[in-house]
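Some notes on the structure that comes next.
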Amino acid sequence: MTQTEQAPEVQDTPLVPIDKIVALSKRRGFVYPNSEIYGGVAGIYDFGPLGVEFRNNIRRYWWWSMVQNHDNVVGIEGATITHPRVWEASGHVENFVDRLVDCKKCKRRFRIDHLAPENVAQNKCPNCGGELTEPRTFNLLMETYLGVVEGDRMKTYLRGEACQNIYLDYDNVLKSSRMQIPFGICQIGKAYRNEVTPGNFLFRQREFEQWDLQFFVHPSEMQKWFDYWKEYRFEWYKSIINHKDRLHFREHGPDELAHYAKQAYDIEYRTVLGWQEWEGIHWRQDWDLSRHSQYSGQDLSYTDPETKERYIPWIVETSGGVDRTFLNLLLDAYEEEPDPNGKEPRTVLRLHPMLAPVKVAVFPLQKNKEELTSTAKGIHKRLQRLMVSQYDEIGAIGRRYRRQDEIGTPYCITVDFQTLEDQTVTVRERDKMTQERIAIDALPAYLLERVGWQ
Ligand code: GAP
């Protein structure tokens, strides 16, 4: 298994309230509410300058692990709008529904599957004890229309799950990429759901991003590959979090399993929201390709080039959320560390260095000394070609460290008077706050070794 080095385990710290992450995200430019000047839209967010760097790093690491490091996996990027029949074949038009009840007294709305069994049995609101309405059913697919002429427009849907493109492109990939079973197709892409109860910041949104692997196998090898990907994905998440004890598997009970699934597991992470799904590992058998064969009329069966056996491949799916990863990693990394001298606590994001949005910050010790600022700017320019670097000369050095700690920058470089004599700088590490003196020429290799992934 090719995984990058594990992040070191840290001492347990209290679970972080979501509000702290919402505030930090807005203050420092990770995440903004979408259309905020118009009052916002529930469950839709935009990503700011730091958010987009962080997100790109998260995506890149997934792609690197899943596609680049597996000879038997390739990637695609499908459109978010497809033929409407796709969603009939997938079962979403019929079954992608939430059942909701409203409280007649306090007017709050609940998904039935989120209510405790006693509230359902007694028809009682968990908030105020009021009576609940009869359940109503809502389809989560977002409708859209293709074409401009009224009466001649085709109704279709923004994709409700990203993975459908993989089934649609399976035959094209097979024919164009010399892949043979067993092999997998990966994709990262947006999905849209008219969630009736969006909330908890990025946790449940209406527009969000998923990463999927669909791995196509001979039925006799299904269990082997299911076990392989289940473990691989667990280790992957473990490699990027600090609190390893907050990660576990939850096996789906018989009442949750799809009729074709022998097994399913959620990788769950514990936050203030409790244990919640981060990624699902699903046994999809031949359901998807059989349904698309049936609805499209195109035979999606596979002929083994050696044995000539013809069969519909079975599928192992690993399906997770980019946004949920974004949120969980911030919750995992955020810490307010008490100051030993009784000053303001230090807010630090202990992000894995390879995922941190900014890798290095370069400071001149003083801003009014031209030799210091020009040397610092020169180092920043040189490093910027290799990684995300920030130059900062504003305020006391201590405050500049704090600004970088809060966004998770793993290394800060200070150019001081000794630099002008011996061409060395101090490199200060975020977590232990240790400082080392390093030659300017050695900085690229020193940093790349610590912030890249091999
Ligand atoms: N193709 C399988 C599928 O879509 P899912 O459990 O509905 O399965 C997979 O979604 C992952 O997508 C979840 O584990 C979660 O990380 C993420 N996800 C699902 N709904 C989401 C939402 N409304 N907002 C943010 N992330 C969501």
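All ligand and atom numbering here is 1-based and tracks the order in the structure.
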[atom]: the protein heavy-atom neighbour that sits closest, reported with distance to 0.1 Å:
| atom | answer |
| --- | --- |
| atom 18 (N) of ligand 1 | F208 CE1, 3.6 Å |
| atom 6 (O) of ligand 1 | E277 OE2, 3.1 Å |
| atom 17 (C) of ligand 1 | G321 CA, 3.8 Å |
| atom 12 (O) of ligand 1 | Q210 NE2, 3.3 Å |
| atom 25 (C) of ligand 1 | F203 O, 3.2 Å |
| atom 24 (N) of ligand 1 | Q205 N, 2.9 Å |
| atom 8 (O) of ligand 1 | S319 OG, 4.0 Å |
| atom 7 (O) of ligand 1 | R193 NH1, 2.8 Å |

Does the residue E317 have a heavy-atom contact with ligand 1, meaning some pair of atoms that are separated by less than 4.0 Å?
yes

Looking only at N/O atoms, are [X] and ligand 1 under 3.5 Å apart anywhere?
| X | value |
| --- | --- |
| R284 | no |
| G280 | no |
| D323 | no |
| W278 | yes |

Angle between ring planes, [X] versus [Y], binned at 30° and 60°: parallel, tilted or perpendicular?
| X | Y | answer |
| --- | --- | --- |
| W225 | Y228 | perpendicular |
| W278 | Y269 | perpendicular |
| Y311 | Y302 | perpendicular |

Taking C-beta and beyond as the side chain, do Y260 and D286 meet within less than 4.5 Å on heavy atoms?
no

Under 4.0 Å from a heavy atom of [X]: which atoms of ligand 1 are those, numbered in the order shown and with their elements?
| X | answer |
| --- | --- |
| E161 | 1 (N), 2 (C), 3 (C), 4 (O) |
| E195 | 23 (N) |
| E279 | 14 (O) |

What part of [X], side chain from CB on, backbone N/CA/C/O, both or neither, has a heavy atom under 4.0 Å from ligand 1?
| X | value |
| --- | --- |
| L202 | backbone |
| R204 | both |
| C163 | side chain |

Between R136 and D102, does the salt bridge (Lys or Arg N to Asp or Glu O under 4.0 Å) criterion hold? Intermediate values first, please.
CA-CA 9 Å; R136 286 179 300 153; D102 293 295; 2.7 Å; yes

If you draw the axis of the six-membered ring of F249, does the NZ or CZ of K230 fall within 45° of it and under 6.0 Å from the ring centre?
yes

Centre of Y157's six-membered ring, under 6.0 Å away, within 45 degrees of the axis: is that where NZ or CZ of R159 sits?
no

Less than 3.5 Å apart, any donor N or O on the side chain of [X] or [Y] sitting next to an acceptor on the other?
| X | Y | result |
| --- | --- | --- |
| Y167 | Q214 | yes |
| W229 | E231 | no |
| Q210 | Q187 | no |
| Y237 | E279 | yes |

Verdict with supporting geometry, R55 and E209, salt bridge (Lys or Arg N to Asp or Glu O under 4.0 Å)
CA-CA 10 Å; R55 223 174 145 75; E209 197 165 47; 3.0 Å; yes

